[in-house]
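Take a look at the structure below.
This one's a predicted model, so the numbers in the text were calculated from it and none came from an experiment.
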Amino acid sequence: MHNEIHEQDVMWMQHALQLADKAEQMGEIPVGAVVVTNGSVIGEGWNTPITSHDPSAHAEMNALRTAANKVQNYRVINSTLYVTLEPCPMCAGMLVHARISRLVFGAYDLKTGAAGSILQLLQHPQLNHQIEITGGILAEECGDKLSAFFKKRRAQIKAAKTIKKLSPPE
């Protein structure tokens, strides 16, 4: 795993953060992803599993589906995926199948991260494709966005419970 910061990585991660805002506006966990080939966007995505009733509708999945459709191939070779949160095992497996060249992620996911935090699927020696990984790009900003979202969500749940307790019985 590489942790050196490149100007392009920061620029594209900022773009992914803007996409994460779209997820948050929909009430989804704010994760955004962008697929870049030769300096151009070929796919974008953000989390939509709640609104689309689709457990696979993670930001990475949505971005890669768009990219694969654009290149008219399920293999999205010579591309980089930028995502605000380290991919889960499902998304990591999809990245291997898509044959992307490189993954750049923001925040580490110490609960489900499959790019090195709890599992390493992207560079597993027995898999037929290895992906270059750069982690921690704008990690604080990406992590803060997620933390603020969950803090707000916990406050909303607490407020709803309080209202329920104070409401007269029907």
Hydrophobic cluster identity match, Val96 and Val71, side-chain contacts under 4.5 Å: yes
Least distance between heavy atoms, Ser117 atom then Glu86 atom: OG-OE1, 2.5 Å
Val41 vs Glu44 side-chain heavy atoms within contact, under 4.5 Å: yes
Cluster overlap Met11 with Trp46, hydrophobic side-chain contacts below 4.5 Å: yes
Side chain to side chain donor-acceptor pair (under 3.5 Å) contacts touching residues 58-68 (sequence neighbours left out): Thr48-Asn62, Ser56-Arg65, Asn62-Arg65
Flag if over 12 foreign heavy atoms under 6.0 Å of CD, Glu140: no
Any side-chain heavy-atom pair of Leu85 and Phe105 under 4.5 Å: no
Test side chain to side chain contact (heavy atoms under 4.5 Å, CB included) applied to His124 - qualifying residues, sequence neighbours left out: Gln126, Leu127
Side-chain donor or acceptor of His129 paired with backbone N/O of Leu122 under 3.5 Å: no
Scan the side chains in residues 21-36 for donor-acceptor partners under 3.5 Å anywhere in the protein, sequence neighbours excluded, and list what turns up.
{"unit_1": "Asp21", "atom_1": "OD1", "unit_2": "Lys145", "atom_2": "NZ", "d": "2.4"}
{"unit_1": "Glu28", "atom_1": "OE1", "unit_2": "Ile50", "atom_2": "N", "d": "3.2"}
{"unit_1": "Glu28", "atom_1": "OE2", "unit_2": "Ile50", "atom_2": "N", "d": "3.0"}
{"unit_1": "Glu28", "atom_1": "OE2", "unit_2": "Thr51", "atom_2": "N", "d": "2.6"}
{"unit_1": "Glu28", "atom_1": "OE2", "unit_2": "Thr51", "atom_2": "OG1", "d": "2.8"}

Side chain to side chain contact (heavy atoms under 4.5 Å, CB included) partners for Gln14, two or more places apart: Val10, Leu138
Side-chain (Gln123) to main-chain (Ile131) donor-acceptor, under 3.5 angstrom: yes
Thr80 vs Ile100 side-chain heavy atoms within contact, under 4.5 Å: no
Arg102: which of Ile133, Asp9, Asn78 passes side-chain contact (heavy atoms from CB on, under 4.5 Å): Asp9
Test side chain to side chain contact (heavy atoms under 4.5 Å, CB included) applied to Ala68 - qualifying residues, sequence neighbours left out: Val76
Asp144/Lys151 ion pair, N-O < 4.0 Å: no
4.5 Å side-chain heavy-atom contact, Met94 and His97: no
Closest heavy-atom pair and its distance - Gly106, Cys142: CA-SG, 3.8 Å
Phe150 atom CZ, over 12 foreign heavy atoms within 6.0 Å: yes
Cys91 side, atom SG; Leu81 side, atom CG - distance, nearest 0.5 Å: 9.0 Å
Side-chain heavy atoms of Leu121 within contact of Pro89, under 4.5 Å: yes
Test side chain to side chain contact (heavy atoms under 4.5 Å, CB included) applied to Ile77 - qualifying residues, sequence neighbours left out: Arg75, Arg99
Closest contact, heavy atoms only, Ile137 versus Met13: O-CG, 3.6 Å
4.5 Å side-chain heavy-atom contact, Asp54 and Pro49: no
Distance (rounded to the nearest 0.5 Å) between Phe149 CZ and Arg153 CZ: 3.5 Å
Min side-chain heavy-atom separation Met61-Met90 under 4.5 Å: yes
Heavy-atom pair of closest approach, residues Ala63 and Gly45: CB-N, 3.6 Å
Which atom of Ala59 lies closest to which atom of Asn47, heavy atoms considered: N-OD1, 2.8 Å
Minimum side-chain heavy-atom gap Cys88-Asp109 below 4.5 Å: no
